[in-house]
There are 2 protein chains.
Amino acid sequence: MARATLESVARHAAVSRQTVSNALNAPHLVHPDTLTRVRAAITELNYRPHHAARTLRTRRSQLVGARIEPWRDGVNGAVLDRFLQSLTARAQADGQRILLFTADDDEQECAHYEDLLSGLDLDAFVLHGTHADDRRTAWLAQRRVPFVTFGRPWGSTGTHGWVDVDGAEGTRAATRHLVAAGHRRIAFLGWPEGSEVGDDRRSGWADLALAAGLEVRPGYDAGVADGLGTGRTAAAAMLDLEVAPTAIVCASDSLALGAWTELTARGLRPGADVAVIGFDDSTTAAVVGLSSVAQPLDDAAAACLRMLHDVLETDRPRGVRGDDADRSPEAGPAGPPDPVLLSPRLVVRASG
Amino acid sequence: MARATLESVARHAAVSRQTVSNALNAPHLVHPDTLTRVRAAITELNYRPHHAARTLRTRRSQLVGARIEPWRDGVNGAVLDRFLQSLTARAQADGQRILLFTADDDEQECAHYEDLLSGLDLDAFVLHGTHADDRRTAWLAQRRVPFVTFGRPWGSTGTHGWVDVDGAEGTRAATRHLVAAGHRRIAFLGWPEGSEVGDDRRSGWADLALAAGLEVRPGYDAGVADGLGTGRTAAAAMLDLEVAPTAIVCASDSLALGAWTELTARGLRPGADVAVIGFDDSTTAAVVGLSSVAQPLDDAAAACLRMLHDVLETDRPRGVRGDDADRSPEAGPAGPPDPVLLSPRLVVRASG
DNA sequence: AACGGTCATTGGAGCGTTCAAATCAGTCTT
DNA sequence: AAGACTGATTTGAACGCTCCAATGACCGTT
């Protein structure tokens, strides 16, 4: 059976091509009676609009590009994986699709943008892992390509829409929870200074430690590379202090699980003897009973797509070609959408 | 600057549209001198073929669909993540792109196939997580849609191309390694019988235990749901046996890490006192020093795409429309490509 | 009864590409 | 020297869709 086209549906419903097209894309333009007749024909012939033909005409592909990472560390990899999963599900519900690509660095990523834009007419991109002076956002903004980032534009004056999870709020909540449980000596086990995400998470702990007048001793603030091994040795050093902390807030589950391992090795019970709270709520944390700060990845993905939707609406009002110079005046530049900063959720388990 | 088209390139090189098209798709048809001239024009105008237009004409989109999982367990999720990453990279190098979609079950997945095929003209699919009587493969095969699976067609007589990793070979290698190290009482900690992948991994251990005449006592073969907690309790039960095993081969890293945790809790050193070997080579395994069987995911992805390439070549010789009935005779049905069964690699670390 | 106005619908054109057939040299046959 | 053949290139059509301008039909107003 040959594929159904607008033409064949039109013949079947005794109307014109354009009316069928309108029934699909602008139902308010077509008479109710005609509408039902057309819709019947559509289902009967099992018609599906042909994506490529539509793209060719409208310059909209309903495709959103997302980079998949070459493999960072265990924790972040899993986070991206879950984010992508949510993104795919949300986009799908909205008639859009996620197209994957890889790149070794930001420069190569920009080159891929070029390919994907002129070759596949991608509508937009979702970036992640933003950092200060990110050339990717500059590249896209300059060319007026719609995009949003999962991750705020650290430092630089971001003129684009972004969605992020408030890391400081997460560690603050963790620390607050520990304070409420009676802890006064709460340490922070994070990454070396200089990583934006790490510094942010550290600041939440530091804020509350100051505000609550906690007993912060030298050695209560460690910064090591992410990993179970490094986390374990750093935790060991804390426990060996003359006055050891009674709780440790960590910048990642890897570090927290390292601390957890060290505790159990010493015969200490996480939670009962020394509290530990991780970050990212990995499945491992769930299994061993490690409290952790969970990022609302599904909400983040939804927010990204909602924002993208708005950007696409305001940017190209009604199929206007990208002829630069003369943008339709009534739409205006409209400025970037309001950023979204989501609060993470503290998942309390046995460890704290 | 308006986008370059075949037309504009043609004018610039003083040839016709079609010659430029040929220079790209069938260089042997065009005169060497003309070729260089056209190529110069292409680079000068920064021309990129327009994907949608080509798809509209040729019915080939260069797009391959892959399903991203709604989140299984930690281990399998990571495996899929790494596989997708490799798949994306390999496809990209070959001029193809990976398009993501999600589905709650096999039936819904088939519905998506329909959408993706007639709407987006997807060229092919890569499936994973195959099982006996998989309706997805039946659906695709019946409609003659090109696809390969990562995972063999368990039980059913698969008439499609597939790539898989030999799980039995992995556990066999692990067991062999332990035998070589002098172990005689080697237990297996796996999943309940009935899961195809789990049974396969168990069989490798069972094979070698028989062949090497190992001392397999009651309780040396456990089957529990995947997870750290379940693994730990199952391992505890083994260690409590009157004659405990000196080594444990596991069906997953989750189980192995559970066993590992139980060992350290008892003051036993993994490797020195009781050997433990996991499966899937997770990052956690790497960090804690757990030996594990690594799946060659990058090779698997490459094999999938190579196979897909072959299927696409033989199936639609030269842009032939899918008019069923009259397939070009010289190509013939050609049958499914030879399956690829990859051997996993045992990564030996401190634990065994 | 002629006029402007809204609503529903229509036909033609064009998006950028490839296919199929046609053209036009030049070379080899007989 | 006329025909058949090869190789390089061109032209028109088509893929399925949406944009745009135009067409009637029907309404109320002057």
Side-chain angles (χ1 to χ4, degrees), chain A residues 2-38 41-42 45 47-62 117-121 316-323 328, chain B residues 2-38 41-42 45 47-62 117-121 316-323 328:
Chain A
R3 77 170 288 131
T5 73
L6 270 191
E7 190 71 47
S8 64
V9 174
R11 264 200 311 275
H12 197 266
V15 291
S16 71
R17 263 188 341 241
Q18 185 61 38
T19 301
V20 181
S21 174
N22 286 339
L24 255 45
N25 306 317
H28 62 279
L29 289 180
V30 38
H31 193 91
D33 295 351
T34 322
L35 197 56
T36 55
R37 193 151 40 95
V38 170
I42 286 178
L45 297 184
Y47 168 77
R48 276 176 182 69
H50 194 256
H51 182 77
R54 174 179 286 174
T55 300
L56 178 59
R57 192 67 176 108
T58 62
R59 290 296 141 111
R60 293 280 224 112
S61 64
Q62 308 288 56
L117 284 170
S118 55
L120 282 106
D121 271 329
R316 309 194 200 167
R318 293 187 113 264
V320 168
R321 295 287 306 277
D323 286 351
S328 69
Chain B
R3 80 171 285 130
T5 72
L6 271 190
E7 191 70 46
S8 65
V9 173
R11 264 201 309 277
H12 197 267
V15 291
S16 71
R17 267 186 339 240
Q18 185 63 35
T19 302
V20 181
S21 175
N22 285 340
L24 256 45
N25 306 317
H28 62 278
L29 289 180
V30 39
H31 193 90
D33 295 351
T34 323
L35 197 57
T36 56
R37 193 151 40 94
V38 170
I42 287 177
L45 297 184
Y47 168 78
R48 276 177 181 67
H50 193 256
H51 182 78
R54 173 178 287 175
T55 300
L56 177 60
R57 191 66 176 115
T58 62
R59 290 296 143 109
R60 291 281 224 111
S61 65
Q62 308 287 59
L117 284 170
S118 55
L120 282 104
D121 271 331
R316 308 192 200 167
R318 294 188 112 264
V320 168
R321 295 286 306 276
D323 287 352
S328 69

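These figures come from a predicted structure and were not determined experimentally. Lettering follows sequence order; numbering is per chain, from 1.
Rounded to 10 degrees, the angle separating the terminal axes of the helix from dA1(C)-dT30(D) to dT27(C)-dA4(D) is 60°, with each axis obtained from five end pairs.
Side chain of S21(B) to backbone of R17(B): no donor-acceptor contact under 3.5 angstrom is found.
Computed from coordinates, the D121(B) CG to dT18(C) C1' distance equals 14 Å when rounded to whole Å. When rounded to the nearest whole Å, the span between CD of E7(A) and P of dG16(D) equals 10 Å. In this entry the distance linking NE2 of H51(A) with C1' of dG16(D) reads 13 Å, nearest Å. Rounded to an integer number of Å, the gap from CZ of R11(A) to P of dT10(C) is 14 Å. Rounded to an integer number of Å, the gap from CZ of R57(A) to C1' of dC20(D) is 9 Å.
The side chain to side chain contact (heavy atoms under 4.5 Å, CB included) check on S16(A) picks up Q18(A), T19(A), with sequence neighbours excluded. By the side chain to side chain contact (heavy atoms under 4.5 Å, CB included) test, R48(A) is found to be paired with N46(A), E114(B), D115(B), S118(B), residues two or more places apart in sequence or in another chain being considered. Applying the side chain to side chain donor-acceptor pair (under 3.5 Å) criterion to S61(B), with sequence neighbours excluded, gives no partner residue. Remark: R54(A) engages N25(A), P49(A), T58(A) in a side chain to side chain contact (heavy atoms under 4.5 Å, CB included) (not counting sequence neighbours).
For the pair E7(A)/V20(A), no side-chain contact is recorded, criterion being any heavy-atom separation below 4.5 Å from C-beta on.
Taking only distance into account, the side chain of R17(A) meets the base of dG12(C) through a donor-acceptor pair shorter than 3.5 Å. At a cut-off of 3.5 angstrom, the base of dT17(C) holds no donor-acceptor pair with the side chain of R54(B).
Along DNA chain C, the nucleotide nearest L56(B) and the nucleotide nearest Q18(B) are compared for position; the residue whose nucleotide lies closer to the 5' end is L56(B). With the nearest nucleotide of DNA chain D identified for both N25(A) and A53(B), A53(B) has the one nearer the 5' end.
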Contacts under 3.5 Å, N or O only, protein and nucleotides 5-9 of chain D:
unit_1	atom_1	unit_2	atom_2	d
dT9(D)	OP1	T34(B)	OG1	2.4
dT9(D)	OP2	H31(B)	N	2.8

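Between V15(A) and R37(A) the shortest heavy-atom distance is CG1-NH1, 4.0 Å. Shown here for R3(A) and D121(B), the closest heavy-atom pair between the two residues is NH1-OD1, 4.3 Å. Contact detail for S8(B) and L45(B): the closest heavy-atom pair is O-CD1, 3.8 Å.
Put simply, S21(B) has a side-chain N or O that comes within less than 4.0 Å of OP1 or OP2 on dT18(C). At dG16(D), one or more side-chain N or O atoms of R59(B) fall inside 4.0 Å of OP1 or OP2 (strictly under the cut-off).
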